[in-house]
Amino acid sequence: MTDNQDLLAMTHLGETPDKYMGSVTPPVFLNSLHVFDCVEDYFAVDIFKDEYYYGRASNPTVTILEKKLAALEHGERAVVYSAGMAACAAAILAICKTGSHIICIRESYGPVQHLLDDFLKEKMNISVTYVEGKELKEFEEAIRPETDMIILESPTTLVFSVVDLEGVASLAKKHKIKTYIDNTYATPIFQKPLDMGIDIVMHTMTKYIGGHSDLIGGVLISKDEEFMKKLMVQRDWFGGVLGPMEAWLAIRGLRTLDVRMQRHHETTLQVANFLEKHPKINKVFYTGLKSHPQYELARKQQKGESGLLSIEVKGNLKDVELFVDSLKLFQIGCSWGGFESLAIAYTYNWNEEQLSFHNLTPNIVRLHCGLEGAQNLINDLKQALDKI
Ligand SMILES: *Cc1c(COP(=O)(O)O)cnc(C)c1O
């Protein structure tokens, strides 16, 4: 059950209809600047106290969204960005310096690894150690005097490995290392990393928070008010702000986040159970199944699962292709978190190096179970699997 404060955060918190002529939804403040009666008023603006002078520094529609997100993740303040990747890059640049060492989960989101390996290594002499993340020992062994940041994802979004968040958080605190987690998969409905001691939570709002596949956006949240203020100022310098229309769409997405997540959870569990028994499937990757090697840890720190899962299809690459192409309701596409079901032959075109880095076969298909209903999805998977 979602707690009462969370339900209020998603519906009413941060909104002041009396200021907007009783409008039940807040206006989209499309203005780029605010004007003033006198010089004194202009210079008295405090952007940290919901005051506004220029849209890159702060915007009233964006502020409403930030208040809701901060409350939902049990943080002090949230700062939203033009994309999940903008949020991620902002966090890394705020924490690290030239020569920093980062420990990163091996299954973390691909573009994060590109940012580290193909940009920050060269530009800032940053070094990275990738760890599978299942054992605390791996983190402990990877720590160096110059380690400044640990980048986590739990569960990860291809093979759904889980990290002991409390364990890593307390280890990192001992060594004065900042911990960061991409919590997009679980959403704040199912997992609250800040309460487990993690320093910074990131979401791409493009996924479940938006929930309708109609916006790109990201957010950082933490309990450290001073750090968040710094991020807000740095966002003004970098300029990767979220547009007010996107903020409004994310506010609308939040209103139904709880009911959507409960439905994704129920649907996906049924789909996973169907797939696990199917003779043409080798393996199902999903933390909601007892067969998941970290099922117990997942139960300890997550209240549920969202709509993503992966399968390893039996047969050769032609079979994988035939299966995915035969799906009718699951559309072929790379994102997730929306109302719609999606399929992607994730490792189909991976080279040997990529496959061995992740210890996977080319037969991995990732599915997002949308809101079309479990039986419709199972029927679709059944007919597509019958083709191979
Ligand atoms: C999509 C995704 C991102 C990137 O989000 P954008 O809003 O597209 O920048 C980051 N992390 C995960 C796990 C994702 O799935």
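The first residue in the sequence is number 1, and the count goes up from there. Whatever order the structure lists them in is the order used to number ligands and atoms, beginning at 1.
The aromatic rings of Tyr185 and Trp336 sit tilted relative to each other, their planes meeting at an angle between 30° and 60°. His358 and Trp350 have tilted rings, their planes meeting at an angle from 30° to 60° on a 0 to 90° scale. Ring-plane geometry between His212 and Phe339 is classed as tilted, the angle between the planes lying from 30 to 60 degrees on a 0 to 90 degree scale.
Contacts between Trp336 and ligand 1, counted as non-hydrogen atom pairs separated by less than 4.0 Å, involve the side chain only. Looking at Lys207 against ligand 1, only its side chain comes within 4.0 Å, counting heavy atoms.
Side-chain contact between Ile150 and Phe139 is present, with at least one heavy-atom pair separated by less than 4.5 Å. At least one side-chain heavy atom of Tyr180 sits under 4.5 Å from a side-chain heavy atom of Cys88. Considering only heavy atoms from C-beta on, Ile143 comes within 4.5 Å of Ile177 through its side chain.
In summary, the atoms of ligand 1 found under 4.0 Å from a heavy atom of Thr206, numbered by their order in the structure, are 6 (P), 7 (O). For ligand 1, the atoms closer than 4.0 angstrom to any heavy atom of Gly217 are 7 (O). Interface of Glu153 with ligand 1, defined as ligand atoms under 4.0 Å from a residue heavy atom, comprises 13 (C).
Looking only at heavy atoms of the protein, atom 9 (O) of ligand 1 is closest to Met85 N, 2.8 Å. Looking only at heavy atoms of the protein, atom 6 (P) of ligand 1 is closest to Gly84 N, 3.4 Å. In terms of protein heavy-atom proximity, atom 13 (C) of ligand 1 is nearest to Asp182 OD2, 3.3 Å.
Distances between N or O atoms of Ile216 and those of ligand 1 include no value under 3.5 Å. Residue Thr204 places at least one N or O, backbone or side chain, under 3.5 Å from an N or O of ligand 1. For a threshold of 3.5 Å applied to N or O pairs, the pair formed by Tyr109 and ligand 1 contains no separation below that value.
For His264 and Tyr208, the ring centers are positioned less than 6.0 Å apart.
Distance alone, capped at 3.5 Å, is enough to place a donor-acceptor pair between the Thr206 side chain and the Gly217 backbone.
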